[in-house]
2 protein chains.
Amino acid sequence: MTSSSARECSIANALAVVGERWSLLVLREVLLGNLRFDAIAAATGGSRDILATRLRTLVEAGVLERRLYSEQPQRYEYLPTQAGRALQPVLLALMEWGDRYVTQGPPPTVWEHSCGAELHLAAVCAACGAPVGSGESRLVRLGGVDRSSRSEPE
Amino acid sequence: MTSSSARECSIANALAVVGERWSLLVLREVLLGNLRFDAIAAATGGSRDILATRLRTLVEAGVLERRLYSEQPQRYEYLPTQAGRALQPVLLALMEWGDRYVTQGPPPTVWEHSCGAELHLAAVCAACGAPVGSGESRLVRLGGVDRSSRSEPE
DNA sequence: AGTAGTGGGTTGGATTATCCAACCCAGCAG
DNA sequence: CTGCTGGGTTGGATAATCCAACCCACTACT
């Protein structure tokens with residue numbers, strides 16, 4: 001996975017934490033308030049053994065927190081940490097894209113501004129504030145090795 | 001997968017298309033202008049057989065387009081479609097989260113605009129066109145069940 | 001002509017991951 | 001004392017991934 005020639009990138013790092021199967025669906029449920037194991041298993045449709053593994057790794061990664069909510073009998077629930085809540089834009093971006101390009105029919109969910117119009121996530125330039133097309137951007141590697149995407153690397 | 005009790009959701013639908021291993025990294029490269037098979041394989045670090053499979057499914061899903069760029073010898077490259085370009089917010093959201101919560105030290109790579117400034121993710125109002133602060137938005141679920149969720153439980 | 005290199009993949013075999021149903025255990029409730 | 005709930009674990013089958021090696025059509029070097 002961590003091949004020496006592979007691009008070093010926070011997208012890949014993020015996916016290493018939440019990119020496995022079911023992880024983002026688990027996050028979706030937890031952010032919706034479905035905190036208990038059985039509820040998560042039912043709502044995601046994932047098998048219980050994998051979900052148990054995912055929940056464990058997400059807790060270890062600091063994305064979720066496992067909390068005892070009943071002493072007798074012992075019962076646990078999963079809460080989002082700050083890092084977990086910070087994944088909301090990722091889920092929102094996926095939802096918007098799925099609404100538009102995958103889901104048949106009208107978007108089941110709409111994100112709207114307080115003025116009533118629809119909201120969308122967009123990549124904007126920090127300086128111009130303008131929306132950015134795909135050809136107008138590039139990844140720049142900091143810290144010595146500048147690996148521009150347009151030129152051939154080595 | 002398509003369990004009858006699982007939540008119907010565009011997040012899950014989106015992940016069914018681009019949620020497999022390497023898919024989003026392939027998209028990252030293509031959006032950066034790395035269009036050729038060998039370049040994608042080198043930059044992502046994925047094995048060539050899986051990347052060939054991913055590229056095929058992404059083309060079938062309408063996210064990429066396979067185009068002949070040389071007749072003799074026959075050479076192909078992969079271009080993002082409109083749906084592919086629309087995934088940029090997903091990648092940017094993942095990168096921002098990875099920068100903040102996974103990657104140690106400063107961001108190894110920065111996505112920058114052609115003007116030199118950094119790109120970042122923003123919620124923009126379709127009517128106003130203005131950036132939107134937290135608290136001014138809400139999710140509306142159409143089609144019967146209105147599951148209104150607070151924008152940020154902080 | 002022979003050799004090496006490039007681009008875009010396939011193939012085979014080993015290793016992991018995922019799926020699914022069944023099971024376990026503790027604490028209740030009838 | 002039987003069954004139900006919550007939160008998992010176990011075993012075995014199936015699918016996905018990894019890795020190195022190979023293939024083919026062409027071009028470039030010697």
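We name chains A, B, ... by the order of the sequence lines, and we start the count at 1 in each one. Values below: every heavy atom of this structure, side chains too, minus hydrogens, waters and symmetry copies. Since the structure is predicted, the reported quantities are computational estimates derived from the model, not experimental observations.
- A:Glu77 has a carboxylate O that lies under 4.0 Å from a charged side-chain N of A:Arg67, or vice versa, which qualifies the two as a salt bridge.
- B:Ser10 contributes no side-chain N or O that, together with a main-chain N or O of B:Asn13, makes up a donor-acceptor pair within less than 3.5 Å.
- Between A:Glu77 and B:Ser47, the one whose closest nucleotide on DNA chain D sits nearer the 5' end is A:Glu77.
- The side chain of B:Arg66 lies closest to C:dG8, out of D:dT17, C:dG8, D:dG8.
- Relative to the side chain of B:Ala52, the nucleotides C:dA22, C:dT18, C:dG9 differ in distance, and C:dG9 lies closest.
- To the nearest 0.5 Å, atom CG of residue A:Leu55 and atom CD1 of residue A:Ile50 are 12.0 Å apart.
- Put simply, the side chain of B:Thr81 gets close to the backbone of B:Gly84: a donor and an acceptor are under 3.5 Å apart.
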_One character per nucleotide, please: for nucleotides 25-30 of chain D, 5' to 3', B when the base has a protein heavy atom closer than 4.0 Å, S when only the sugar-phosphate does, - otherwise._
BSS---
*Which is it for A:Arg48 and A:Asp38 under the side chain to side chain contact (heavy atoms under 4.5 Å, CB included) test, yes or no, and what are the steps along the way?*
CA-CA 8 Å; A:Arg48 310 168 65 81; A:Asp38 277 16; 3.2 Å; yes
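- You won't find any donor-acceptor pair under 3.5 Å spanning the side chain of B:Arg36 and the base of C:dG7, going by distance alone.
- OP1 or OP2 of D:dC18 has at least one side-chain nitrogen or oxygen of B:Trp22 nearer than 4.0 Å.
- The CZ atom of A:Phe37 sits 8 Å away from the P atom of D:dT9 (whole-angstrom rounding).
- Taking 4.0 angstrom as the limit, A:Tyr78 places none of its side-chain polar atoms (N or O) nearer than this to OP1 or OP2 of D:dG6.
- For the pair A:Asp38 CG and C:dA26 P, the computed distance is 18 Å after rounding to whole Å.
- Looking at B:Trp111, its side chain never comes within 3.5 Å of a backbone N or O of B:Leu32 through a donor-acceptor pair.
- Between the P atom of D:dG8 and the CD1 atom of A:Ile50 lies a distance of 15 Å, rounded to the nearest Å.
- In this structure, the separation between CD on B:Glu29 and CG on B:Leu51 is 10.5 Å, given to the nearest 0.5 Å.
- We find that CG of B:Leu55 is positioned 11 Å from P of C:dG8, with the value rounded to whole Å.
- Computed from coordinates, the A:Arg54 CZ to C:dT18 C1' distance equals 9 Å when rounded to whole Å.
- For the pair B:Tyr69 OH and C:dG9 P, the interatomic distance rounds to 10 Å; values are reported in whole Å.
- In this structure, B:Asn34 atom CG and C:dG8 atom P are separated by 11 Å, rounded to whole Å.
- Atom CG in A:Asp49 sits roughly 20 Å away from atom P in D:dG6 (whole-Å rounding).
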